[in-house]
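For reference, positions follow the sequence shown, starting with 1.
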Amino acid sequence: MAAIEQPSSQNLHEATFQTLKSLLVEGKIAPGSKLNERELAESLNVSRTPIREAIRRLAADGLVELIANRGAIAVQLSIEDVIHTFDVIAELEGYSGELAAKNISESTLSELEALQYEMMASYARRDLSSYFKLNLRIHRLINQAANNPVLATLFSQVNSRIEALRFRSNRDGMKWEKAVEEHQEMLDALKARDSARVRKVMITHVANKRDVVVHLLKSESGIQVSQV
């Protein structure tokens with residue numbers, strides 16, 4: 001792990017949180033693994049205080065479980081939990097897209113186009129880490145464009161539970177290519193202000209990711225699966 005530069009105390013705590021979150025989302029800290037404060041502090045070249053704060057925030061976001069007598073464990077969702085969570089986020093994303101098509105400003109559309117261009121460049125380089133960060137910014141921006149603060153809070157809470165799984169879903173080359181195509185469809189539908197089309201595309205997009213993730217998890221657990 002790369003050490004964190006020592007900025008101000010506030011920035012250091014935020015940088016520590018973002019670094020640990022990336023390690024979890026990108027699978028560098030595997031689901032079910034224990035987060036050892038001492039080892040993390042040493043590897044990131046920080047004290048244990050920002051590590052503890054980051055772990056508390058990650059627990060609040062649903063990425064870490066705090067278990068009595070065991071400490072902090074990287075969350076490991078069951079297949080049932082995964083299906084239920086993806087089904088909920090699909091509806092939240094669909095509603096976000098529907099409202100965004102009605103409320104989105106021209107400046108936000110321009111920002112989405114720029115992010116889409118950057119994301120396509122990351123895809124061309126097969127830079128999954130950069131691609132995923134841009135992908136997340138696009139989904140968040142669409143959610144914000146819906147202009148519904150309750151929806152924004154729910155989206156953030158639910159999506160944080162499955163960010164790591166959404167990241168892994170793009171490791172299949174064909175599925176990743178399909179996801180890229182769906183993102184272009186989202187943007188086209190938003191530019192056309194077609195709320196029904198945006199809703200449909202976004203729900204389908206998340207449902208496809210759910211199917212990829214479930215197939216992957218079943219394969220890893222030795223459950224016989226059919227091709228998705």
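Of the candidates Arg210, Lys200, Lys209, Arg166, Glu93 forms a salt bridge (Lys or Arg N to Asp or Glu O under 4.0 Å) with just one, namely Arg166. Between Arg48 and the choices Glu42, Glu53, Glu39, Glu37, the salt bridge (Lys or Arg N to Asp or Glu O under 4.0 Å) rule is met once, by Glu37. Partner of Leu12 under the side chain to side chain contact (heavy atoms under 4.5 Å, CB included) criterion, out of Val46, Thr49, Leu44: Val46 alone. With respect to Lys133, the salt bridge (Lys or Arg N to Asp or Glu O under 4.0 Å) criterion is satisfied by exactly one of Glu163, Glu118, Glu26: Glu26.
Side-chain atoms of Asn103 come within 3.5 Å of backbone N or O of Leu99 as a donor-acceptor pair. Side-chain atoms of Ser33 never come within 3.5 Å of backbone atoms of Ile29 as a donor-acceptor pair (strictly under, hydrogens ignored). A donor-acceptor pair is defined here as one N or O able to donate and one able to accept, closer than 3.5 Å; such a pair exists between the side chain of Ser43 and the backbone of Leu40. Here the side chain of Lys191 pairs no donor or acceptor atom with the backbone of Leu109 at under 3.5 angstrom.
Closest non-hydrogen pair, Ser195 versus Ala101, comes out as CA-CB, 3.6 Å. When all heavy atoms of Gly94 and Ile203 are compared, the pair lying nearest together is CA-CG1, 3.8 Å. Pairing each heavy atom of Leu151 with each of Ala146, the nearest pair is CD2-CB, 4.1 Å. Nearest heavy atoms, Val213 versus Ser169: CG2-CB, 3.9 Å. Considering all non-hydrogen atoms of both residues, Arg197 and Glu185 come closest at NH2-O, 4.1 Å. Across Gln18 and Glu14, no two heavy atoms sit closer than the pair NE2-OE2, 2.8 Å.
Taking CG of Asn159 as the reference point, atom CZ of Phe86 lies at 8.5 Å (rounded to 0.5 Å). In this structure, Glu111 CD and Ile104 CD1 are separated by 9.0 Å, a value rounded to the nearest 0.5 Å. Taking OG of Ser156 as the reference point, atom CD of Gln144 lies at 10.0 Å (rounded to 0.5 Å). Here the straight-line distance linking atom CD1 of Ile162 with atom CG of Asp81 works out to 11.5 Å at 0.5 Å rounding. Atom NZ in Lys178 sits 8.5 Å away from atom OG1 in Thr204 (nearest 0.5 Å). The structure places OG of Ser160 at 11.5 Å from CG of Leu24, a figure rounded to the nearest 0.5 Å.
Placement of Ile142 and Met120 within a single hydrophobic cluster is found when ILVMFWY residues are connected by side-chain heavy-atom separations under 4.5 Å, directly or transitively. Follow the hydrophobic side-chain contacts under 4.5 Å out from Leu112 and you reach Met186 in the same cluster. Linking ILVMFWY residues whenever their side-chain heavy atoms come closer than 4.5 Å, directly or via other members, places Leu141 and Val180 in the same cluster. Cluster annotation: Ile89 and Ile83 are assigned to the same hydrophobic cluster (Ile/Leu/Val/Met/Phe/Trp/Tyr, side-chain heavy-atom contacts under 4.5 Å, transitive). Grouping the Ile, Leu, Val, Met, Phe, Trp and Tyr side chains by contacts below 4.5 angstrom, directly or via other members, places Leu216 apart from Phe132.
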Could you go step by step and tell me if Ser96 and Asn143 meet the side chain to side chain donor-acceptor pair (under 3.5 Å) rule? CA-CA 5 Å; Ser96 292; Asn143 178 259; 2.8 Å; yes

Could you go through the side chain to side chain contact (heavy atoms under 4.5 Å, CB included) check for Val75 and Val64 one step at a time? CA-CA 5 Å; Val75 72; Val64 166; over 6 Å; no

Stepwise side chain to side chain contact (heavy atoms under 4.5 Å, CB included) check, Ile55 with Leu66: CA-CA 9 Å; Ile55 288 173; Leu66 301 178; 3.8 Å; yes

Can you check side chain to side chain donor-acceptor pair (under 3.5 Å) on Ser22 and Thr19, steps first, answer last? CA-CA 5 Å; Ser22 292; Thr19 298; over 6 Å; no

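Using a 4.5 Å cut-off on side-chain heavy atoms (C-beta onward), Leu128 and Trp176 make contact. No side-chain heavy atom of Leu35 sits less than 4.5 Å from a side-chain heavy atom of Ile73. Put simply, the side chain of Met119 reaches to within 4.5 Å of the side chain of Gln116, judged on heavy atoms. Between Asp61 and Phe17, the closest side-chain pair of non-hydrogen atoms falls below 4.5 Å. Side-chain contact check for Asp188 versus Val201: every heavy-atom pair is 4.5 Å or farther apart. Residues Leu20 and Leu23 have side chains in contact (heavy-atom distance under 4.5 Å, counting atoms from C-beta outward). Contact annotation: the side chain of Arg161 approaches that of Leu77 to within less than 4.5 Å [non-hydrogen atoms, C-beta and beyond]. Contact annotation: the side chain of Glu91 never approaches that of Asp87 to less than 4.5 Å [non-hydrogen atoms, C-beta and beyond].
For the pair Arg126 and Tyr123, the distance from NZ or CZ to the six-membered ring centre is under 6.0 Å and the angle to the ring normal is within 45 degrees.
A side-chain donor from one of Ser105 and Thr108 sits under 3.5 Å from a side-chain acceptor of the other.
The number of heavy atoms from other shown groups lying within 6.0 Å of CZ (Phe167) is above 12.
The aromatic rings of His139 and His205 lie parallel to each other, with less than 30° between the two planes, well short of the 60° mark.
Between Glu98 and Arg193 there is no salt bridge, since no side-chain N of the basic residue sits under 4.0 Å from a carboxylate O of the acidic one.
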